2 protein chains.
Amino acid sequence: MTIHFSEGLIASPMFSGLAPKSVERLMRVARPVRFRRGENIFLHQSRADCCYVILSGWVKLYRVTPNGNEALVRMHSQFETVGFCDGLRDQVHSYGAEAASICRLLSLPTAEIRALAAEDQEFASRLLAHTLSALEQMFDQVESLKTQTAIQRVAAFLLRHARRVEGRTVVELPFEKSLVAAHLGIKPESLSRVLARLKAHGLALNQSEIEVVNRDLLEGVIRSDPADAWA
Amino acid sequence: MTIHFSEGLIASPMFSGLAPKSVERLMRVARPVRFRRGENIFLHQSRADCCYVILSGWVKLYRVTPNGNEALVRMHSQFETVGFCDGLRDQVHSYGAEAASICRLLSLPTAEIRALAAEDQEFASRLLAHTLSALEQMFDQVESLKTQTAIQRVAAFLLRHARRVEGRTVVELPFEKSLVAAHLGIKPESLSRVLARLKAHGLALNQSEIEVVNRDLLEGVIRSDPADAWA
DNA sequence: CGCCATCTTGAGGTGTATCAAACCCAGTGG
DNA sequence: CCACTGGGTTTGATACACCTCAAGATGGCG
């Protein structure tokens, strides 16, 4: 049931399609690591001498502001990579990483990654493409923070995570609600209230299960301008 | 007084240190373009077949949401690059670009950039480093949007742009106030009010001139937790 | 069962947006 | 020289969105 390390590596978009020789080279220095929920993976400002590929579980990237507040920057899950951003430049981490659930990672020395990038051109261009798409995702996040209200962000999040099971469209929250709230830039209490308000807009809440009963209505919440009132 | 095109190119962090052969190659296909303030450079979702280097002026990157709202994603100035993010992947632009002032750009065909990246390894790694730092800047932006209030973001912005002239610390806004507001994720009216409130925290406003009279006080505004009240 | 963490609900406060009006100021044209 | 114009900015009154603090509800788990 558990994924073998090398399978996990090549399942990651960043390493898929890598020459077998390069995979083997990486696997020689890769080490599997496990973390319990809440455990620290690396700290903000620490030397980035390891990058990680997630084999299972969720990892949260966050920053701590001078006044002790915490900003959740991104959430990452299976086969995504963590810590490359600073590792590739041989700098200190520009964010901290913490296990948001039990998770298994593959740790890779950044020195080896850099060396490989210098030799394997295909890998280098893959790295670039990967970074560019991360950048675009950050654009999305900034856009939603600047133009959408909390309700709209929640609605969009729910629709993104909605899956059809047995004819119904249900949303399984990928991680606990307080993390979902931080991810969307609001407080847990607000998330709770927003979910309650969305019951009037195509959402049904039956004891911890979230169901989308009217997709169009929910999409309407996202489309509508905050200036206009939706009752 | 005006910068020659090739000087502009190599002054850009993305192209500095490039082999003379590569510079020459790019200059053969580079074309200078001018825009008046408010003119469109490229549209969101249009094919990204040109990238740009800014020789002078300011460029704003923005997105238009389904409901007609506009989100300012980033501002760029001299020697920064615009449009590479999607050009390198041969995709459509993930944002629109507009001249925020009179500006001169150097337009480069993305096909040529991609070809050069494939051949010149040094350039490829420069591209990656550049993209990574853009990513980190987006992290900064998300952090400030999620953890700081409007007043704190304004204070931080002012301190970032404060310069010492003739013994006084003054802030010259790089572009008009409505753009500063959009950049910080607030409305122009709010920016106006916030500036007025900051007069009690080390800022002086003398008819369109902004002066930092007490840096520590301003920094205190940023440090303090929004929960605590600052009168 | 009782404990604990997580989530919800309520009351009240702060922050920012909205809409509308006044203001400032550089250009323009009489 | 002065009225007129129009964009950008400020100010005011008001509304809404979201936060804070505190109290309850829920649900897993020893």
Side-chain angles (χ1 to χ4, degrees), chain A residues 36-38 67-71 100-102 144-155 171 173-199 201 203 205-210 221-222 224-231, chain B residues 36-38 60 65 67-72 100-101 144-155 173-201 203 205-210 221-222 224-231:
Chain A
R36 265 191 282 278
R37 164 226 175 90
N67 57 46
N69 249 318
E70 179 181 309
S101 67
I102 294 180
S144 81
L145 286 171
K146 281 189 180 171
T147 64
Q148 297 188 305
T149 67
I151 306 191
Q152 293 176 309
R153 278 174 297 188
V154 172
V171 183
L173 292 184
F175 30 81
E176 25 173 338
K177 283 189 178 162
S178 57
L179 280 178
V180 173
H183 175 74
L184 298 171
I186 59 179
K187 299 289 154 186
E189 299 95 319
S190 296
L191 175 59
S192 189
R193 277 182 246 272
V194 163
L195 285 174
R197 283 179 61 186
L198 283 175
K199 281 198 280 195
H201 299 275
L203 204 70
L205 307 171
N206 317 314
Q207 67 223 4
S208 91
E209 195 216 46
I210 303 175
V221 170
I222 301 172
S224 69
D225 196 285
D228 318 347
W230 354 265
Chain B
R36 266 192 280 279
R37 163 226 175 89
K60 87 168 180 199
T65 63
N67 58 46
N69 249 317
E70 178 180 309
L72 200 166
S101 68
S144 81
L145 286 171
K146 280 189 180 170
T147 63
Q148 297 186 305
T149 69
I151 306 191
Q152 293 175 309
R153 279 176 304 206
V154 171
L173 293 183
F175 30 81
E176 22 172 340
K177 285 188 176 161
S178 56
L179 279 177
V180 173
H183 175 74
L184 299 172
I186 59 178
K187 299 290 153 185
E189 298 95 320
S190 295
L191 174 58
S192 188
R193 277 182 246 271
V194 163
L195 285 175
R197 283 180 62 185
L198 283 176
K199 281 196 280 195
H201 299 275
L203 205 69
L205 305 172
N206 317 313
Q207 69 223 1
S208 90
E209 196 216 44
I210 303 175
V221 171
I222 300 172
S224 69
D225 196 285
D228 317 347
W230 353 264

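Keep in mind that the numbers below use all heavy atoms, side chains included, and drop hydrogens, waters and symmetry copies. Please read all numbers here as calculations on a predicted model, not as lab measurements. Every chain is numbered from 1, with letters handed out A, B, ... down the list of sequences.
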In whole angstroms, the gap separating P of D/dC19 from NZ of B/Lys146 amounts to 12 Å

Quiz item: NA contact type, A/Ile186, heavy-atom cut-off 4.0 Å: base, sugar-phosphate, or nothing?
Solution: sugar-phosphate

Any side-chain heavy-atom pair of B/Thr65 and B/Glu70 under 4.5 Å: no

When rounded to whole Å, the CD1 to C1' distance for the pair B/Ile151 and C/dT16 reads 10 Å

Between B/Val194 and B/Arg197, is there a side-chain heavy-atom distance shorter than 4.5 Å?
no

Interatomic distance, CG@B/Asn69 vs CG@B/Asn67, rounded to 0.5 Å, equals 5.0 Å

Whole-Å distance, A/Leu195 CG to D/dA17 P, equals 16 Å

Could you write out each protein N or O paired with an N or O of nucleotides 6-9 of chain D at a distance under 3.5 Å?
| from | atom 1 | to | atom 2 | distance (Å) |
| --- | --- | --- | --- | --- |
| D/dG8 | OP1 | B/Arg37 | NH2 | 2.8 |
| D/dT9 | OP1 | B/Lys177 | N | 3.0 |
| D/dT9 | OP2 | B/Ser178 | N | 3.2 |

From CG of B/Leu198 across to P of D/dT10 the rounded distance in Å is 13 Å

When rounded to whole Å, the CG to P distance for the pair A/Asn69 and D/dC19 reads 11 Å

Expected string for nucleotides 22-30 of chain D under the B/S/- scheme (protein heavy atoms, under 4.0 Å, primed atoms plus P, OP1, OP2 as sugar-phosphate) is ---------

In whole angstroms, the gap separating C1' of C/dC24 from CG of B/Asn206 amounts to 16 Å

When rounded to whole Å, the NZ to C1' distance for the pair A/Lys187 and C/dC7 reads 16 Å

Phosphate oxygens OP1/OP2 of C/dG15: is one of them under 4.0 Å from a side-chain N or O of B/Thr149?
no

Practice problem: Flag the pair B/Leu145 / B/Arg153 as yes when at least one side-chain heavy-atom distance between them is below 4.5 Å, and no otherwise. | Solution: yes

Considering only distance and modelled atom types, tabulate donor-acceptor pairs under 3.5 Å from the side chains of residues 173-181 of chain B, sequence neighbours left out.
| from | atom 1 | to | atom 2 | distance (Å) |
| --- | --- | --- | --- | --- |
| B/Glu176 | OE1 | B/Arg37 | NH2 | 3.3 |
| B/Glu176 | OE2 | B/Arg37 | NH1 | 3.2 |
| B/Glu176 | OE2 | B/Arg37 | NH2 | 2.5 |

B/Leu205 meets the side chain to side chain contact (heavy atoms under 4.5 Å, CB included) criterion, sequence neighbours left out, with B/Leu195, B/Lys199, B/Leu203, B/Ile210

For B/Ala182, the side chain to side chain contact (heavy atoms under 4.5 Å, CB included) test, sequence neighbours excluded, returns B/Leu72

Problem set entry | D/dG12 base / B/Arg193 side chain donor-acceptor hit below 3.5 Å | yes

*Give a yes or no answer on whether the side chain of B/Glu209 reaches the backbone of B/Asn206 with a donor-acceptor pair at less than 3.5 Å.*
no

A/Leu145 atom CG is separated from D/dC18 atom P, nearest whole Å, by 12 Å

Residue set satisfying side chain to side chain contact (heavy atoms under 4.5 Å, CB included) with A/Ser190, at least two apart, ordered chain then number -> A/Ile186, A/Lys187

